[in-house]
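Proteins come first, then strands; the chains are lettered A, B, ... in the order of their sequence lines, and each starts at number 1.
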Number of protein chains: 2
Amino acid sequence: MRSTAQNAELALLLEVASTPKPGNVDREHEYPDLRFEQFVAGAVGAADGLAIAGDGGPVGEAFERAIAGMSDQRGGNTQFGAVLLVTPLAAAAADGPLTPETARAVAEATTVEDAVGFYSAFDHVDVAVDDPPSEMEVPDVRRGSDAAAALREEGTTLYDVMVESAEIDGLAAEWTSGFPRTFETARKIEGREGPVTDRAAAVFLELLAEEVDTFVVTQHDVATAREVKRRAEAALDGEQSVHGLAEEFVDRGINPGTTADIVAGGVFIALERGLEL
Amino acid sequence: MRSTAQNAELALLLEVASTPKPGNVDREHEYPDLRFEQFVAGAVGAADGLAIAGDGGPVGEAFERAIAGMSDQRGGNTQFGAVLLVTPLAAAAADGPLTPETARAVAEATTVEDAVGFYSAFDHVDVAVDDPPSEMEVPDVRRGSDAAAALREEGTTLYDVMVESAEIDGLAAEWTSGFPRTFETARKIEGREGPVTDRAAAVFLELLAEEVDTFVVTQHDVATAREVKRRAEAALDGEQSVHGLAEEFVDRGINPGTTADIVAGGVFIALERGLEL
């Protein structure tokens with residue numbers, strides 16, 4: 001019987017094993033400097049941090065530890081977003097049934113020290129982020145652990161940080177609304193049949209056609225993100241080959257990472273609810 | 001910094017991610033009832049047992065626990081042999097530098113209770129084994145934990161069990177001779193360049209061309225195992241496409257599992273010695 005932390009690690013591994021997921025690294029697609037094996041090492045390295053969350057420990061400490069471990073490979077940021085989504089879910093599972101309500105309660109209960117842990121995680125790895133809007137009321141995440149004093153002075157919790165980013169970041173939006181797309185992803189995966197990695201790839205495409213991927217907005221721009229959504233719709237409608245789209249997006253360096261993170265979160269929820277492999 | 005147990009788990013994952021490995025499950029080849037994702041779950045499930053060995057605990061208990069965890073998926077025997085090879089190596093790494101001498105010392109120092117653990121592991125999963133030769137001096141492994149009384153009465157250690165099988169089983173041969181092919185595999189992987197999974201796949205083919213795979217002997221017969229060796233030589237010489245061989249062996253249900261196990265062991269040694277991904 002796998003532990004909650006092992007299910008979290010397995011979810012990261014199954015997400016990257018799921019193919020095709022247009023634009024993202026998967027078992028049949030990779031970039032020369034961001035490889036499948038680095039995602040595998042990232043997931044294994046994240047295990048100790050995930051175990052802190054799975055044992056009911058502080059979310060911020062769990063997250064920072066997981067990201068430090070994830071970074072012990074040369075690909076850089078492999079699963080920062082996926083870990084950010086899975087950590088509060090693992091913490092919710094530690095205390096009882098994993099539901100939108102318990103997950104929301106974990107997110108809302110995060111503390112200033114959890115925010116410090118979150119910022120400190122940026123010390124371990126380069127994460128693509130936009131310049132914050134000028135009206136942003138929390139420190140720029142790129143300050144990393146140097147932001148600790150400011151966070152403590154203002155009494156900013158990790159939930160506060162997520163609220164500030166919810167409009168522009170798909171993961172922060174999940175954090176502040178009971179993780180609706182993540183739970184919906186779990187339901188969709190549970191409702192399909194066949195290998196879990198095939199189900200996850202199919203659901204990835206549905207999610208991609210449903211909402212603009214905020215990581216593509218950050219890495220490219222809104223126009224590119226809208227094109228990705230439109231092309232995913234075309235692939236769902238059979239007007240475009242999914243494999244062709246996967247090749248093209250990899251060639252263009254377009255990786256819809258937020259959507260992949262939500263798939264990882266959904267796989268984790270499904271595993272916790274008894275999904276068998 | 002990954003722990004010894006995490007390197008062991010990562011070695012199992014990298015082995016199955018390495019492609020093409022003619023006849024074996026890898027990230028581009030699988031069987032309908034034995035899938036890539038089941039190997040991934042098997043590796044994650046084995047982690048707790050591997051941690052016992054990596055912390056210097058008893059090899060037999062570590063092995064049984066790892067196999068029980070590995071079996072928490074529906075593909076059956078995914079990595080029994082790889083875990084059997086990696087467990088004593090992880091135990092050797094727990095005490096200091098991992099060398100043929102320290103690994104040999106761990107194997108030779110195994111106890112009757114380690115043998116009981118080894119036999120008990122067969123309770124958790126069906127493993128393809130031949131009928132033992134009539135002159136066999138140790139119990140049939142298929143008796144599982146029922147063999148415990150006989151092992152204790154005869155004072156049979158796990159090393160004794162391996163000595164009995166060394167002539168017909170490639171892993172037992174490693175166990176009783178200081179793991180020469182496994183260490184040689186590590187050297188070969190370290191000596192190559194590029195992604196680790198590409199290196200491991202290339203070394204797999206070399207190993208396959210070098211010695212008859214004893215798992216193919218068990219599953220099929222000596223003639224098939226010799227053909228596999230010959231075909232691997234042809235592929236190495238460029239007279240046969242490796243990808244074609246991979247398709248053909250999967251179609252014929254030929255999986256050179258012992259050779260894959262030795263690759264997993266070699267990757268583990270290389271990771272412990274600092275191989276970076």
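- Between B/R27 and A/E30 there is a salt bridge, since a side-chain N of the basic residue sits under 4.0 Å from a carboxylate O of the acidic one.
- Checked against the 6.0 Å centroid criterion, the rings of A/Y119 and A/F63 do not qualify as a close aromatic pair.
- In terms of non-hydrogen atom pairs under 4.5 Å with chain A, the most contact-rich of B/V44, B/L14, B/V40 is B/V44.
- The greatest number of non-hydrogen atom pairs below 4.5 Å with chain B, out of A/S3, A/A43, A/A41, A/A17, is found for A/A41.
- Using a 4.5 Å cut-off between heavy atoms, B/D48 touches chain A through backbone and side chain atoms alike.
- For B/R252 and B/E248, the salt-bridge test passes: some basic side-chain N is under 4.0 Å from an acidic carboxylate O.
- One finds no salt bridge joining A/E190 and A/R187 here, because no Lys/Arg side-chain nitrogen approaches an Asp/Glu carboxylate oxygen to under 4.0 Å.
- Residue contact with chain A, scored on non-hydrogen atoms closer than 4.5 Å, involves the backbone and the side chain of B/Q6 alike.
- Taking chain A as the reference chain and counting heavy-atom pairs below 4.5 Å, the highest number among B/E276, B/R74, B/R35, B/R2 is found for B/R74.
- A salt bridge links A/E210 to A/R181: at least one charged side-chain nitrogen sits closer than 4.0 Å to a carboxylate oxygen.
- With chain A as partner, the option from B/E28, B/E9, B/Q73 having the largest number of non-hydrogen pairs under 4.5 angstrom is B/E9.
- For the residue pair B/S145 / B/D123, a side-chain donor-acceptor distance below 3.5 Å is found, with atom types taken as modelled.
- When each of A/P195, A/G69, A/S18, A/S71 is checked for heavy-atom pairs under 4.5 Å with chain B, A/P195 comes out on top.
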